[in-house]
Amino acid sequence: MFIPGASNSARHVDATFAVILAIEVFLLFAVTAAMIFFVIRYRKKKNPRSENIEGGMLLEIAWTAIPTVLVLIMFYIGLKSFILIRKVPEGAMPVQVTARQWSWQFTYANGKQSRTLTVPLGKPVRLVLRSQDVLHCLYIPAFRIKEDCVPGMETYLWFTAKEKGSYDIFCTEYCGLGHSDMLSKVVVMPEKEFDAWYAGEGEKGGLGLTVLESRGCLGCHSMDGSKKIGPTFKGLYGSQVTVLTNGKERTVTSDEEYLRRSILEPGADIVKGYQNIMPALPVTKEELDAIIQYLKTLK
Ligand code: CUA
């Protein structure tokens, strides 16, 4: 499916792709035509005895020069768009990107954090990419940009969004069970709207939701009742949960104590039907209380 370009580099990347594709299609037809011609022209019936042909200077020059020129054309336009993609303009707005199993976290210069990437229209943005665990890869098809997030290393990307709207963000490096859940959006809004968003409060839901989002909890736990890598948060509080405790099955009521234990010691009670893969993330007492207060509201 063709996705219309929505960034400054999209035009150049598409042009590079089109030129290379055109050369390839031309070569495919040229080689196929020559092959068919030779098969017919030099078939055994008409040429029972093969002849020894002693070189041909003109031919040799042609089949050296033409491919060389074609390859240099591809190199030139490829290099030009590569430089454009790698050279970040001065004053680009920095956004820190943290990739982890299995979510994206975007942190802005003023400390604001979000699970979706919100950017102003027509302004260059520089993404600084880091990974907390394994290889991930940030890909924004509509912007025609893509870069790996490598543990222990900092990589970057930049773009200027050219169209208002919301575009997909994918992880394109297989990173484990929840790889396909590493979906997010980049939201492009006019500068004024962006400034208001940037200066405004964190997303609604207060500290509890902010912690759930920023720690990546929502990559594995849904809030709408759907089953992901982990159980949904919707209606969790107060419900009856069948868990395995030290391999023994039992049913518990999901109260404050249960939620607290499940966050601090994820391996203590494993909800039946799920795997023991949740990491114990450090949270302060205040954050823990806020999470539980928030979970209570998800009826
Ligand atoms: Cu992260 Cu795939």
Side-chain angles (χ1 to χ4, degrees), residues 1-3 5-7 9-10 13 17 85-86 88 94-108 112-119 125-159 161 165-188 202-203 209-224 226-233 262-263 266-267 270-271 273-283 291:
M1 190 180 68
F2 183 75
I3 299 163
S7 74
S9 51
V13 174
F17 186 80
I85 289 173
R86 297 317 292 168
V88 189
V95 179
Q96 310 292 322
V97 181
T98 308
R100 61 165 82 89
Q101 288 167 315
W102 290 282
S103 66
W104 299 104
Q105 180 191 318
F106 302 98
T107 309
Y108 295 80
K112 196 178 172 89
Q113 292 190 328
S114 174
R115 270 203 311 154
T116 48
L117 176 61
T118 304
V119 296
V125 174
R126 178 167 57 96
L127 302 180
V128 182
L129 310 173
R130 291 190 191 84
S131 167
Q132 274 189 356
D133 34 49
V134 298
L135 273 180
H136 301 271
C137 182
L138 185 107
Y139 180 33
I140 310 176
F143 291 179
R144 310 289 194 267
I145 52 168
K146 186 180 193 179
E147 185 68 41
D148 278 356
C149 308
V150 187
M153 202 174 135
E154 219 181 85
T155 51
Y156 72 94
L157 269 182
W158 84 273
F159 61 85
S166 161
Y167 308 96
D168 289 327
I169 295 178
F170 293 114
C171 176
T172 49
E173 187 76 59
Y174 182 68
C175 53
L177 204 55
H179 165 67
S180 59
D181 280 328
M182 286 190 76
L183 291 172
S184 187
K185 292 265 181 213
V186 48
V187 180
V188 181
E203 284 155 63
L209 180 58
T210 306
V211 176
L212 290 178
E213 287 190 324
S214 63
R215 300 295 149 85
C217 310
L218 302 180
C220 299
H221 301 278
S222 78
M223 298 202 292
D224 61 3
S226 60
K227 189 176 165 169
K228 285 174 124 181
I229 308 250
T232 183
F233 285 151
S262 297
I263 295 167
I270 311 298
V271 179
Y274 293 92
Q275 290 183 45
N276 181 14
I277 49 171
M278 173 172 155
L281 294 171
V283 281
I291 293 173

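Atoms within each ligand, like the ligands themselves, are counted from 1 in listed order.
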Look at the side chain of E154 and the backbone N and O of V128, then say whether any donor-acceptor pair between them is shorter than 3.5 Å. no
Output yes if C137 passes the N/O/S-under-2.8 Å test against atom 2 (Cu) of ligand 1; output no otherwise. no
Look at the rings of Y174 and H179 and say which category their plane angle falls in: under 30° parallel, 30 to 60° tilted, over 60° perpendicular. perpendicular
Can you name the N, O or S atom of H179 that is closest to atom 2 (Cu) of ligand 1? ND1
side-chain contact (heavy atoms from CB on, under 4.5 Å) between Y108 and L117, intermediate numbers included: CA-CA 10 Å; Y108 295 80; L117 176 61; 3.7 Å; yes
Going by side-chain hydrogen bond (donor to acceptor under 3.5 Å, both in side chains), Q105 matches just one of Q132, R130, R100. Which one? R100
Please round to the nearest 0.5 Å and tell me the distance separating atom OG of S9 and atom CD1 of I85. 5.0 Å
With a cut-off of 2.8 Å, does H136 put an N/O/S atom close enough to atom 1 (Cu) of ligand 1? yes
N/O/S atom of M182 inside 2.8 Å of atom 1 (Cu) of ligand 1, strictly under: yes
Taking atom 2 (Cu) of ligand 1 as the vertex, how big is the angle to SG in C175 and O in E173, rounded to 10°? 110°
